[in-house]
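What follows is a set of notes on a single structure, which appears directly below.
The analysis underlying the following values was restricted to heavy atoms, covering all of them including side chains, and did not include hydrogens, waters or symmetry mates. Throughout, protein chains are lettered first and strands after them, A, B, ... in sequence-line order, and every chain is numbered starting at 1.
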2 protein chains.
Amino acid sequence: MSANPTTSERILLATINLMAEKGYDSTTTKEIALAAGVNEVTLFRHFGTKEKLLEAAFSRFHYGNEMTKLFNEGLKGHLHEDLLIVSRTYHNIMNRNRKLISIALKGSSTLPDSVLQEASRNPKHLKNLLADYLTTMSSEGKVVSSNPEIQALSFMWMNYGAFISGLNAKDTVSEDTLDEFIEESVSLFTKALSP
Amino acid sequence: MSANPTTSERILLATINLMAEKGYDSTTTKEIALAAGVNEVTLFRHFGTKEKLLEAAFSRFHYGNEMTKLFNEGLKGHLHEDLLIVSRTYHNIMNRNRKLISIALKGSSTLPDSVLQEASRNPKHLKNLLADYLTTMSSEGKVVSSNPEIQALSFMWMNYGAFISGLNAKDTVSEDTLDEFIEESVSLFTKALSP
DNA sequence: CCCTAATGCAAGTGCTTACTTACATTTATT
DNA sequence: AATAAATGTAAGTAAGCACTTGCATTAGGG
């Protein structure tokens with residue numbers, strides 16, 4: 001369909017950048033074409049409709065299952081270190097996909113379902129993994145046995161809130177501030193969860 | 001200007017409800033008028049423009065400074081109880097204004113500044129208040145002396161994340177689940193912050 | 001009963017939008 | 001050089017948008 005991949009790519013990137021700022025509805029195909037340096041007609045020849053254009057952008061750039069992999073392999077049974085890894089990986093993934101998430105958050109009446117699902121599975125999946133981890137750790141006596149579900153939820157929501165907060169801030173949260181927050185908050189949870 | 005307040009009120013409520021679902025741009029004045037049970041012209045006679053309409057909705061329904069008042073009067077120096085009050089009051093205020101916040105979050109290129117400011121001051125103001133509280137508590141030996149800024153930030157972000165998570169969920173988070181989360185998470189922070 | 005203010009109704013304006021069509025031009029392939 | 005595929009250009013379409021205008025209808029207070 002597209003012999004020249006750079007053209008498609010440029011259009012998709014322009015789509016993501018503009019829509020992350022202004023939302024799906026407020027971003028016009030004319031703008032996108034201008035930002036991508038192509039004619040508006042080319043955009044339609046490549047993707048047909050505005051809706052399919054966004055779908056293409058999502059399916060090409062969305063994040064995979066890095067987090068699941070992390071929980072299956074990367075955690076060593078040391079609470080403080082493991083929470084650090086989880087938190088850092090989480091923010092890593094989220095920040096890499098911040099624009100897609102921003103688009104989904106702003107939403108629209110005509111936003112394709114596939115796009116909405118991508119964002120809604122955000123913290124839920126991770127909460128389950130973390131809850132399982134805490135349950136295991138608890139059975140090994142390495143974590144206080146209480147309510148692993150809500151403990152995991154609290155941790156994920158804290159990081160989710162931190163991420164969302166940084167999304168719309170004009171002055172981007174610096175790398176240092178994020179690191180500082182991660183370390184302090186992980187220490188906080190480590191102390192709270194230790195037997 | 002409006003001899004019949006119910007008419008204005010109906011329009012404002014319809015505005016908030018529709019825009020919270022679909023966002024500012026995607027909500028048409030025609031829809032609003034239909035939902036409010038008035039003619040579209042009446043809407044313009046009352047508020048002039050779509051922009052002024054949203055401004056009116058915000059200025060009439062936005063939350064005051066309940067949280068500041070709370071910190072000046074309501075806290076008693078008992079960590080666990082105080083955190084409980086803060087958390088409960090926070091979710092109370094946020095849930096009462098969930099639709100306005102939803103509108104501001106979705107955003108738009110033409111969204112009035114006054115509306116955006118309302119939402120951006122969300123956790124920041126509260127973080128400062130909570131940080132001050134923790135500093136005081138720390139000087140009284142009731143809280144571990146570490147980094148009150150980030151401790152406060154962690155607590156606020158956790159609650160912010162919890163709130164945002166419940167915003168877009170189709171199945172509203174039940175009252176019970178929220179209560180359960182608040183109690184468990186406050187206990188968590190109490191243990192972590194105790195000397 | 002009259003007067004005024006609020007509302008409804010019908011029609012229309014000018015603008016923007018996503019999307020199309022027909023044709024010319026460039027670029028790559030053979 | 002010839003051919004085909006990808007892009008540009010120009011123009012237009014149909015629909016939807018916020019917003020306006022002129023006039024008829026309703027309702028309440030004096």
Side-chain angles (χ1 to χ4, degrees), chain A residues 1-58 60 103 106-115, chain B residues 1-58 60 103 106-115:
Chain A
M1 180 162 273
S2 66
N4 187 354
T6 4
T7 301
S8 275
E9 207 89 342
R10 275 210 315 271
I11 296 174
L12 290 176
L13 281 177
T15 303
I16 290 174
N17 284 328
L18 286 172
M19 286 191 181
E21 269 182 32
K22 321 176 42 177
Y24 177 83
D25 288 328
S26 306
T27 304
T28 69
T29 53
K30 199 174 176 180
E31 273 178 310
I32 295 173
L34 182 75
V38 297
N39 195 282
E40 195 184 358
V41 183
T42 303
L43 182 154
F44 283 104
R45 279 198 272 244
H46 276 253
F47 301 100
T49 70
K50 187 182 175 185
E51 206 169 326
K52 283 190 203 153
L53 171 59
L54 180 60
E55 272 175 19
F58 258 75
R60 200 166 305 190
I103 295 173
K106 290 187 204 300
S108 151
S109 47
T110 55
L111 232 162
D113 280 350
S114 54
V115 166
Chain B
M1 180 162 281
S2 66
N4 188 352
T6 6
T7 301
S8 276
E9 206 90 342
R10 275 211 314 270
I11 296 174
L12 290 176
L13 281 177
T15 303
I16 291 175
N17 285 328
L18 285 172
M19 287 191 181
E21 268 183 33
K22 320 175 43 176
Y24 177 82
D25 289 328
S26 307
T27 305
T28 70
T29 52
K30 201 175 176 181
E31 272 178 310
I32 296 173
L34 182 73
V38 298
N39 195 283
E40 194 183 357
V41 183
T42 304
L43 183 153
F44 284 104
R45 280 197 272 243
H46 275 253
F47 301 101
T49 70
K50 187 182 175 183
E51 206 169 326
K52 283 190 203 151
L53 171 59
L54 180 59
E55 272 174 17
F58 258 75
R60 201 166 304 191
I103 295 173
K106 291 185 203 297
S108 152
S109 46
T110 55
L111 231 163
D113 282 349
S114 55
V115 166

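In terms of heavy-atom proximity, B/F47 sits nearest to B/K52 at O-CB, 3.3 Å. Considering all non-hydrogen atoms of both residues, B/E40 and B/T29 come closest at OE2-OG1, 2.7 Å.
Rounded to whole Å, the distance from NZ on A/K30 to P on C/dT16 is 8 Å. Taking atom CG of residue A/L53 and atom P of nucleotide C/dA18, one finds them 11 Å apart after rounding to whole Å. The distance between atom NZ of B/K50 and atom C1' of D/dG16, rounded to the nearest whole Å, is 12 Å. The nearest whole Å value for the distance from the CD1 atom in B/I11 to the P atom in D/dA18 is 14 Å. For the pair A/R10 CZ and D/dT7 C1', the interatomic distance rounds to 11 Å; values are reported in whole Å. Rounded to whole angstrom, the span from the CZ atom of B/F47 across to the P atom of D/dT20 amounts to 15 Å. The separation between A/L54 atom CG and C/dC19 atom P is 12 Å, rounded to whole Å. At whole-Å resolution of the value, CD in B/E9 and C1' in C/dT7 are 18 Å apart.
Atom CD1 in A/I32 sits 9.0 Å away from atom CD1 in A/I11 (nearest 0.5 Å).
Among C/dT17, D/dG8, D/dC19, the nucleotide with an atom closest to any side-chain atom of B/F44 is D/dC19. For A/V41, taking side-chain heavy atoms from C-beta onward, the closest of the listed nucleotides D/dG8, D/dG22, D/dT9 is D/dT9. In the set D/dG22, D/dC19, C/dA22, the nucleotide with an atom closest to the side chain of B/R45 is D/dG22. Here the nucleotide nearest the side chain of A/H46, chosen from C/dC19, D/dC19, D/dT7, is D/dT7.
At least one side-chain heavy atom of A/L12 sits less than 4.5 Å from a side-chain heavy atom of A/L53. Contact of the B/E21 side chain with the B/N17 side chain is not registered, since no non-hydrogen atoms from C-beta on lie closer than 4.5 Å.
Proximity of B/N39 to the phosphate of C/dT7: no side-chain N or O atom is located under 4.0 Å from OP1 or OP2. For D/dG8, the OP1/OP2 oxygens have a side-chain nitrogen or oxygen of A/T42 closer than 4.0 Å. An OP1 or OP2 oxygen of D/dA6 is reached within less than 4.0 angstrom by no side-chain nitrogen or oxygen of A/T7.
Of the two residues near DNA chain C, A/E31 and A/G48, the one whose nearest nucleotide lies more 5' is A/E31.
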